[in-house]
Amino acid sequence: MADRRLQVFHAVAKQMSFTKAAEVLFMTQPAVTFQIKQLEEYYNTRLFERGHGRISLTPAGTWCSTMPSAFLRFRPSSKRGSRR
């Protein structure tokens, strides 16, 4: 998994805003949203709850934000064979 997507994840988690993370990262908000969506699809889990203009970390998102080295090493079992 690209380090850039993880940087985007950590910026969104820190800012608790896709828009503010985009500003910090010098990216557009749709590009940030796309990166997060790719991570969520890769890991087959939601990292953020979205609603009413606010976001919050899901339990999986909380784990990923507190365990970055484990998050980097984790590969979904269904993807292992295709990632070599």
Side-chain angles (χ1 to χ4, degrees):
M1 181 58 43
D3 287 336
R4 183 64 175 165
R5 289 185 192 123
L6 297 176
Q7 290 172 343
V8 170
F9 167 77
H10 285 289
V12 174
K14 182 178 179 181
Q15 299 295 324
M16 293 310 291
S17 165
F18 287 90
T19 303
K20 289 178 184 175
E23 291 172 6
V24 168
L25 296 167
F26 301 102
M27 296 174 68
T28 64
Q29 182 272 322
V32 169
T33 301
F34 180 74
Q35 295 288 320
I36 296 300
K37 184 166 178 57
Q38 284 187 323
L39 273 177
E40 291 177 331
E41 287 175 1
Y42 181 78
Y43 289 111
N44 196 31
T45 191
R46 295 203 67 151
L47 300 172
F48 295 95
E49 290 294 336
R50 300 149 175 92
H52 304 292
R54 295 202 169 160
I55 64 168
S56 61
L57 288 166
T58 63
T62 300
W63 180 83
C64 294
S65 68
T66 59
M67 305 293 282
S69 60
F71 186 37
L72 284 168
R73 289 190 307 270
F74 177 74
R75 297 281 187 264
S77 58
S78 63
K79 306 262 183 183
R80 282 189 182 155
S82 63
R83 293 283 173 186
R84 289 189 173 181

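Heavy atoms only: backbone and side chains are in, while hydrogens, waters and symmetry mates are out.
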(message) Could you report the tightest heavy-atom contact between R5 and L39, atom names first, then the distance?
(response) O-CD1, 3.4 Å
(message) Applying side-chain hydrogen bond (donor to acceptor under 3.5 Å, both in side chains), can you list everything that pairs with Q15, at least two apart in sequence or on another chain?
(response) none
(request) Supply the atom-to-atom distance M16 CE to R54 CZ, rounded to the nearest 0.5 angstrom. (result) 10.5 Å
(request) Would you give the length of the straight line joining atom CZ of R4 to atom CE of M27, rounded to the nearest 0.5 angstrom? (result) 5.0 Å
(request) Can you measure from CG (L57) to CG (L47) and round to the nearest 0.5 angstrom? (result) 8.0 Å
(request) Check A60 against T45 and note the closest heavy-atom contact, atom names and distance. (result) CB-OG1, 3.8 Å
(message) Nearest 0.5 angstrom please: T33 OG1 to F48 CZ, how far?
(response) 10.0 Å
(message) Taking R46's backbone N and O only, do any of them form a donor-acceptor pair with T58's side chain (distance below 3.5 Å, no angle check)?
(response) yes
(message) With rounding to the nearest 0.5 angstrom, report the CZ to CD distance, F9 to Q38.
(response) 15.0 Å
(message) Between T19 and E23, is there a side-chain donor-acceptor contact under 3.5 Å, judged purely by atom types and distance?
(response) no
(message) To check you understand the geometry: which heavy-atom pair defines the closest contact between V12 and V32, and what is its length?
(response) CG2-CG1, 3.5 Å
(message) For the CD atom of E40 and the CD atom of Q35, what is their distance to the nearest 0.5 Å?
(response) 12.0 Å
(message) Taking V24 as the starting point, is it possible to reach F18 by hopping between hydrophobic residues whose side chains are less than 4.5 Å apart?
(response) no
